[in-house]
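I have placed the structure first, in the form of structure tokens, so that the comments after it can refer back to it.
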Amino acid sequence: AVSALIVVEQFTHPSTQWIPIGTLVGVGIIFAVVSLKFQKALTILGTSMMGGALMVGALDYFIEMASMTLYVWDRVKGQYSQDLCWYSWVILACWPFCLMV
């Protein structure tokens, strides 16, 4: 859900702060129901996704003093923030690799 908010932000800013909240709650409920059916697979996927996010967050902190992390948090809150440089997008592109490791 957060990645969808980041992609939407590149084209338009949500007019109200309820859009990010509704997106996060909706996707969370959908995956909670799906995880009741596929418990083992989604537990593995969820923990690897969280571990990859923590690794990328640590990398972002040491390289750019958490600018990408603050940008993502602003997307969750629905606030405006500065545009990111290409270093931040390269760090974010490391997340799928960290998810697979």
Side-chain angles (χ1 to χ4, degrees):
V2 175
S3 59
L5 293 174
I6 292 171
V7 170
V8 167
E9 180 66 28
Q10 300 305 313
F11 301 107
T12 183
H13 185 74
S15 58
T16 179
Q17 290 185 348
W18 285 105
I19 293 173
I21 293 170
T23 304
L24 292 172
V25 169
V27 171
I29 289 173
I30 289 170
F31 276 102
V33 171
V34 171
S35 71
L36 292 174
K37 177 69 177 166
F38 305 106
Q39 292 179 0
K40 184 176 181 181
L42 288 180
T43 300
I44 293 169
L45 181 68
T47 54
S48 65
M49 189 177 301
M50 184 60 75
L54 289 173
M55 289 171 55
V56 168
L59 183 66
D60 177 45
Y61 177 76
F62 286 117
I63 292 177
E64 289 193 322
M65 298 303 295
S67 65
M68 176 56 93
T69 307
L70 294 174
Y71 179 80
V72 170
W73 184 242
D74 286 341
R75 297 293 68 76
V76 171
K77 293 190 303 185
Q79 295 179 347
Y80 289 103
S81 62
Q82 299 177 6
D83 290 334
L84 296 172
C85 66
W86 65 275
Y87 290 125
S88 298
W89 296 111
V90 170
I91 292 171
L92 186 63
C94 292
W95 189 14
F97 173 73
C98 292
L99 189 133
M100 299 305 277
V101 170

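All residue numbers in this chain count up from 1 along the given sequence.
Considering only heavy atoms from C-beta on, Pro20 comes within 4.5 Å of Leu5 through its side chain.
Taking Ile, Leu, Val, Met, Phe, Trp and Tyr as hydrophobic and joining them when side-chain heavy atoms fall under 4.5 Å apart, one finds Tyr87 in a cluster with Trp86, Val90. Cluster partners of Phe11, using a side-chain heavy-atom cutoff of under 4.5 Å among ILVMFWY residues and allowing indirect links, are Val7. If you chain together ILVMFWY residues whose side-chain heavy atoms come under 4.5 Å of each other, Val27 ends up grouped with Phe31. Members clustered with Leu70: none, using a 4.5 Å side-chain heavy-atom cutoff among hydrophobic residues.
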Next on the checklist: Would Met49 and Trp95 count as a side-chain contact (heavy atoms from CB on, under 4.5 Å) here? Give the steps.
Outcome noted: CA-CA 8 Å; Met49 189 177 301; Trp95 189 14; 3.7 Å; yes
Next on the checklist: With side-chain contact (heavy atoms from CB on, under 4.5 Å) as the criterion, how do Phe38 and Thr43 come out once you've worked through the C-alpha distance, each side chain's angles and the decisive distance to 0.1 Å?
Outcome noted: CA-CA 8 Å; Phe38 305 106; Thr43 300; over 6 Å; no
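Under the side-chain contact (heavy atoms from CB on, under 4.5 Å) test applied with Leu24, the options Val2, Ile19, Ile29 reduce to a single match, Val2.
Nearest heavy-atom pair, Gln10 versus Trp89, reported as atom, atom and distance to 0.1 Å: NE2-CH2, 3.6 Å. Closest heavy-atom contact between Cys98 and Val56: SG-CG2, 4.1 Å. In plain terms, the two heavy atoms of Glu9 and Pro14 that are nearest each other are OE1-CD, 3.7 Å.
The ring pair (Phe, Tyr, Trp, His ring centres under 6.0 Å) check on Tyr80 picks up His13, with sequence neighbours excluded. Residues meeting the side chain to side chain donor-acceptor pair (under 3.5 Å) test with Ser81, sequence neighbours left out: Arg75. For Gln82, there are no side chain to side chain donor-acceptor pair (under 3.5 Å) partners two or more places apart in sequence or in a different chain. Take Glu64 and apply the side chain to side chain donor-acceptor pair (under 3.5 Å) test, not counting sequence neighbours, and it matches Ser67, Ser88. The side chain to side chain donor-acceptor pair (under 3.5 Å) search around Thr23 returns none, not counting sequence neighbours.
Taken together through direct or relayed side-chain contacts under 4.5 Å among Ile, Leu, Val, Met, Phe, Trp and Tyr, Leu84 and Ile63 form part of one hydrophobic cluster. If you chain together hydrophobic residues whose side chains sit under 4.5 Å apart, Leu99 and Ile6 fall into the same group. Follow the hydrophobic side-chain contacts under 4.5 Å out from Met55 and you never reach Leu92; the two are in separate clusters.
The salt bridge (Lys or Arg N to Asp or Glu O under 4.0 Å) contacts involving residues 88-101 comprise nothing, where partners must be two or more places apart or lie in separate chains. Sorted by first and then second residue, the salt bridge (Lys or Arg N to Asp or Glu O under 4.0 Å) pairs involving residues 26-46 (not counting sequence neighbours) form an empty list. Residue pairs satisfying the salt bridge (Lys or Arg N to Asp or Glu O under 4.0 Å) criterion with at least one member in residues 45-63, sequence neighbours excluded, are absent.
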